[in-house]
Amino acid sequence: MPGISREEVAHLAKLARLELKDEELDHFAGQLDDIIGAVAAVSDVADEDVPPTSHPLPLTNVMRPDEVRPSLTPEQALSGAPAQEQQRFKVPQILGEE
Amino acid sequence: MTDLTKLTAAQTAEKIASGDVTAVEVTEAHLARIEAVDEKVHAFLHVDREGALAQARAVDAQRERGEKLGPLAGVPLALKDIFTTEGVPTTVGSKILQGWIPPYDATVTRKLKEAGVVILGKTNMDEFAMGSSTENSAFGPTGNPWDLTRIPGGSGGGSAAALAAFEAPLAIGTDTGGSIRQPAAVTGTVGVKPTYGGVSRYGMVAFSSSLDQGGPCARTVLDAALLHSVIAGHDELDSTSIAQPVPDVVAAARNGDVAGLRVGVVQEFRGEGYQDGVIQRFDESVELLRELGAEIVELSCPSFAKGLAAYYLIAPSECSSNLARFDAMRYGLRTGDDGSHSAEEVTALTREAGFGDEVKRRIMLGTYALSSGYYDAYYGSAQKVRTLITRDFEKAFEQVDVVVSPTTPTTAFPIGERVDDPMAMYLADVCTLPSNLAGNAAMSLPCGLAPEDGLPVGLQIVAPAMADDRLYRVGAAVEAAFQARWGHPLLEEAPSL
Amino acid sequence: MTVTELVSYDEALASYDPVMGLEVHVELGTRTKMFCGCSTALGADANSQVCPTCLGLPGALPVVNKSGVESAIRIGLALHCEIAEWCRFARKNYFYPDMPKNFQTSQYDEPIAFDGYLDVQLEDGEVFRVEIERAHMEEDTGKSTHVGGATGRIHGASHSLLDYNRAGIPLIEIVTKPIVGAGERAPEVAKAYVAELRELIKALGVSEARMEMGQMRCDVNLSLRPKGREAFGTRSETKNVNSLRSVERAARFEIQRHAAVLSSGGSIVQETRHFHEEDGSTTSGRVKEEAEDYRYFPEPDLVPVAPSREWVEELRGTLPELPRVRRNRLREEWGITEHEMQSVLNAGAVDLIVATVDAGAPADQARKWWMGELARRANEDGVELPALSITPEQVARVCALVAEGSLNDKLARQTIEGVLAGEGTPDEVVDKRGLKVVSDEGALGTAVDEAIAGNPDVAEKIRGGKVAAAGALVGAVMKATRGQADAARVKEMIMEKLGVEG
Ligand SMILES: [Mg+2]
Ligand SMILES: [Zn+2]
């Protein structure tokens, strides 16, 4: 199983929205490499014909009726907002695609 | 006058119900104890003095009106800071949520309030429940009341320490890979991870959704059972909640008995990395079970060897997604919003500033395991291992009623010892996490002190899913036999702080 | 905006064969959101229809809306799809401020419905079969308002404001298999497919599917391959093409643009493109330099959906007559041509005419009013036909008044005008405006007598056999009664009074 490079860690950090500092990149690259080396043990079973288990419960079809339940008030909804304006969550500029 | 903080929850509830003491007196005694010792222990992140007293007064008023009180009415409790509490800060041990006041109660919180339980405050924990030592809390570590320079276990170290320091007779923890049981083991207390789906996860901040399970922490098996029956049960707000009656754990705890029971000992839970004193106390426990009439069966569960690896892929994978919502847009910390950064940059700067190292490591590990090209080899394979572990348990439970093992390979280690060695830290959960992967029920209870360091050792009991009552039946029998042997509860040997 | 030298459409089709893929998102009309009990009602105050779940608050969990699953299965069945016996939700992970959890709860490799088709009819009656790859369940995002830039554009905005009322509203995403073999008719097929799908969704009653309201949104994926070649070319993905006409225009534009790039030796980059209503062009959006990595995995907070076959059959029993079949039946009943039926469909008048007929009007009359006067008014006002403030029952009442002779054509038009102006029911309008045909024989007789007396020379001509001259007298009577007389009856009376055989 391949190890993990500093560049890969930088890519992961970008995907995960973590603005890592340079020294963190080095630090994490080493640690993640160790961890990945250890957890790679699972790949022994990659080719085995074993069904995957994504969940420990055998439940299916848990659904609720289409009935309205009380929502939060806008004040409650916005109570934790770092910034707000016009009863909306105010966020920094979103880099667009246009 | 009796020291109200030394009573069990069952005794306290009885005294309140009979009018011997008031809930307010009990609450004040515990608030005073917290005042006296928590500076040293640091079990609490937030003490809700007013809320606790208000709830205590309500219980007293109920009693005065002659209303029937619930079995834990007026009993103080320490709530892990991972459950939302309306109007009371909830941080999950993270800077990213510092100052957040949830607008809603978790189902567990609601059930506790409805039962008249007095929530003293919110307890310290590893950030987002990621860790086995509570050192990953953004708000500083918690000390183990047995030795304040040592870890109280994690992630629910605050809850376990609060019990061991007599700051509360009851606590709530959450267990994703052992975060209730391992702290219980290293603090000489009792902790139970109920069957997955037994306790609602609604309002419990998610770490790894398919593994997380809230559960009771206490100083006695009966107290744990009483708390278990208050918080368990179906919840329509949690799709993964079991819609079946909760096993009668209280009756089981009152009728401890292992005669004729088949008890499995899994070979894989010993060997390298296990402290001598831990193995010694565990072997004595098995001997005790035999003396009490249990039939001991040696078992092998070969796939458990890959449990740790599977766990450290599945839990990070799910957490990488669960923690994506902490993006500085709707609640919590926001860093770098100075007009020069875009939303994307502010999210990345905030997560960098707001998450600790362990959280970042796991998010990146999970992001890696789920990314295209690696998914099959890592996440996919881990899911297969999960199937194999579940099958191993199924095979075991065809032969035995419960499985026992040490809860954790070592006693409490010194604060700071493993902080920069993630793999060493992860080994603390090697005996507990197979139950999270399989979703069954497990308990840890004290089985003595390790001779070499005088620190508590935990015995783990594992039962099949929905057979939580077996834990309590076995646990109560073992507890009674050990206490008869020791002449007192183990915690009496802890330093008085 | 880069200007692309397009090649002509015919030229493009001479060398290339277009391959299309259409992805349509439909917002379901359930009362509550897909995973929580918040209302989906439109027009509410910002952030007043949100809860811990759809706001992505820490600790909150989703629970599936049964009605959302039912709608998905019914859509799947109407599209002749197989319905999964067991399927799961998955998390599609990517960060965007309008998505509270920063993952969309969707379905990935286990859609609830798959392998179906929809037959669509082109204007000339030709039927084209569009194969359906899958239909799956997911949730909508919140709405952002961009502040500080030019007219609400994201570009150049200083900040954005988010309202999460829409976040979590159920969506069904319907994806076609690659549409091949449509040739030059590809844009037409695209439009007809979306139109037919919209009719189907409306007939199922699962959504109003109003594209202008964003209840139905279409992405057009298009690639070209040189004629005779098997392998598909690189595709572009034109996002959010939100009207039928735009679907056709976007496909047409992309065919011409791809052909221009390819025939000049260039190659198409896989990218998302934005469609511009103003000129029908598309411009480059985000280039997918690396395939997006959504890190899908099974949603651990939800359990699998395993619709029993009994349930599926029960739902199959609730399917309405398919729109195309129904239209063909109605076309025959109404005795109109394919082309006329197409106009009725395009005008969105099928259901209105049916309802008017159901309320007792003859089909030709119902069609006449809806496709004539009312279509004209809707067009003038820039609204859809159903938005006019007149009901099919009221139109039927007007038809009845005409049939019984109480109204003539002109008065009927005035009556409709009154109803549209909010003056009341047709009968109330007739009453208030005094529009009834003057049928009082006495009053009419007096008016006729006055007209004869006032025009003795004309009367003489008629008596002399010049029957055609009667028109002048009829005109005079109509003028005197302000148009409220039945012209035929007036002529009859003139003839009688002058003793002439009509
Ligand atoms: Mg989609
Ligand atoms: Zn909601």
Side-chain angles (χ1 to χ4, degrees), chain A residues 1-2 4 8-9 11-21 24 27-29 31-32 34-59 62-64 69 72-73 75-83 89-95, chain B residues 100-104 196-197 210-211 236 239-240 242 306 308-310 312-313 320 324 327-334 337 339 341-349 351-352 355 360-361 363-365 367-368 371 376-378 380-388 390 422-423 437-439 465:
Chain A
M1 198 55 57
I4 188 161
E8 273 181 290
V9 173
H11 173 66
L12 292 174
K14 194 168 184 309
L15 266 180
R17 296 280 195 280
L18 293 167
E19 186 69 48
L20 293 188
K21 299 179 192 79
E24 279 183 301
H27 186 61
F28 286 133
Q31 290 181 332
L32 286 173
D34 285 350
I35 299 170
I36 288 165
V39 298
V42 297
S43 58
D44 296 355
V45 304
D47 298 328
E48 279 181 44
D49 186 21
V50 178
T53 298
S54 63
H55 212 274
L57 275 181
L59 294 178
V62 175
M63 296 182 235
R64 65 182 170 83
R69 296 175 58 101
L72 295 171
T73 63
E75 293 69 36
Q76 287 176 312
L78 288 150
S79 62
F89 294 85
K90 182 180 175 187
V91 306
Q93 69 168 143
I94 302 168
L95 291 185
Chain B
W100 184 56
I101 298 180
Y104 80 110
Y196 182 89
S210 77
L211 301 166
E236 59 181 25
S239 307
T240 62
I242 297 170
K306 289 196 171 58
L308 191 76
Y312 278 98
L313 285 165
S320 72
D327 63 358
M329 299 294 122
R330 288 162 299 282
Y331 43 79
L333 186 70
R334 180 181 284 183
D337 185 13
H341 292 111
S342 67
E344 178 175 342
E345 289 162 347
V346 166
T347 296
L349 288 165
R351 289 162 66 83
E352 164 65 11
F355 288 144
K360 290 179 193 166
R361 263 193 296 274
I363 287 175
M364 285 191 285
L365 181 58
T367 303
Y368 178 77
S371 51
D376 288 336
Y378 291 107
S381 298
Q383 304 254 29
K384 290 184 175 185
V385 170
R386 193 168 188 177
T387 306
L388 296 174
T390 305
M423 282 316 296
L437 291 168

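Computed from heavy atoms alone, side chains included, the values below leave out hydrogens, waters and symmetry copies. All figures in this text were calculated on a predicted structure; none of them were measured in a lab. Chain A is the first sequence line, chain B the second, and so forth, proteins listed ahead of strands; every chain is numbered from 1.
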Please classify the contact of [X] with chain A as side chain, backbone, both or neither, using a heavy-atom distance under 4.5 Å.
| X | value |
| --- | --- |
| B/Ala438 | backbone |
| B/Leu211 | neither |
| B/Ala465 | neither |
| B/Met423 | side chain |
| B/Thr387 | both |
| B/Glu236 | side chain |

Original post:
Would you call A/Arg17-B/Asp327 a salt bridge at under 4.0 Å N-O?
Top reply: no
Go through the atoms of [X] and report whether side chain, backbone, both or neither lie under 4.5 Å from a heavy atom of chain B.
| X | value |
| --- | --- |
| A/Glu8 | side chain |
| A/Leu59 | side chain |
| A/Ile35 | both |
| A/Lys21 | both |
| A/Leu18 | both |

**OP:** Could you give me the CA-CA distance, side-chain angles and deciding distance for B/Met364 and A/Leu20, then say whether side chain to side chain contact (heavy atoms under 4.5 Å, CB included) is met?
**Re:** CA-CA 11 Å; B/Met364 285 191 285; A/Leu20 293 188; 3.7 Å; yes
Nearest atoms (heavy-atom pairs only) where [X] meets [Y]:
| X | Y | answer |
| --- | --- | --- |
| B/Ser239 | A/Val62 | O-CG2, 3.6 Å |
| A/Glu48 | B/Leu388 | OE1-CD1, 4.4 Å |
| B/Tyr378 | A/Val42 | O-CG2, 4.0 Å |
| B/Gln383 | A/Ser54 | OE1-CA, 2.8 Å |
| A/Pro92 | B/His341 | CB-O, 3.5 Å |

**OP:** Compare all side-chain heavy atoms of B/Tyr368 with those of A/Val9 and state whether any distance is below 4.5 angstrom.
**Re:** no
Original post:
If we only count heavy atoms from C-beta on, is the B/Arg334 to A/Val91 side-chain gap below 4.5 Å?
Top reply: yes
Subject >> Main-chain N/O of A/Ala46 paired to B/Lys384 side chain as donor or acceptor, under 3.5 Å >> reply: yes
Original post:
CD1/A/Ile94 to OG/B/Ser342 distance, rounded to the nearest 0.5 angstrom?
Top reply: 9.5 Å
Subject >> Approximate separation, where rounding is to 0.5 Å, of B/Arg361 CZ and A/Asp34 CG >> reply: 10.5 Å
Can you tell which of [options] has the highest number of heavy-atom pairs within less than 4.5 Å of chain A?
| options | answer |
| --- | --- |
| B/Leu365, B/Leu333, B/Ile101 | B/Leu365 |
| B/Thr240, B/Asp376, B/Leu308, B/Thr347 | B/Thr240 |
| B/Arg330, B/Met329, B/Lys306 | B/Arg330 |
| B/Ala310, B/Pro422, B/Gly439 | B/Pro422 |

Original post:
Taking A/His27, A/Gln93, A/Gln31, A/Gln76 one by one, which has the highest count of heavy-atom pairs under 4.5 Å against chain B?
Top reply: A/Gln31
Original post:
In terms of heavy-atom pairs under 4.5 Å, which option from A/Ser79, A/Pro56, A/Ala77 contacts chain B the most?
Top reply: A/Pro56
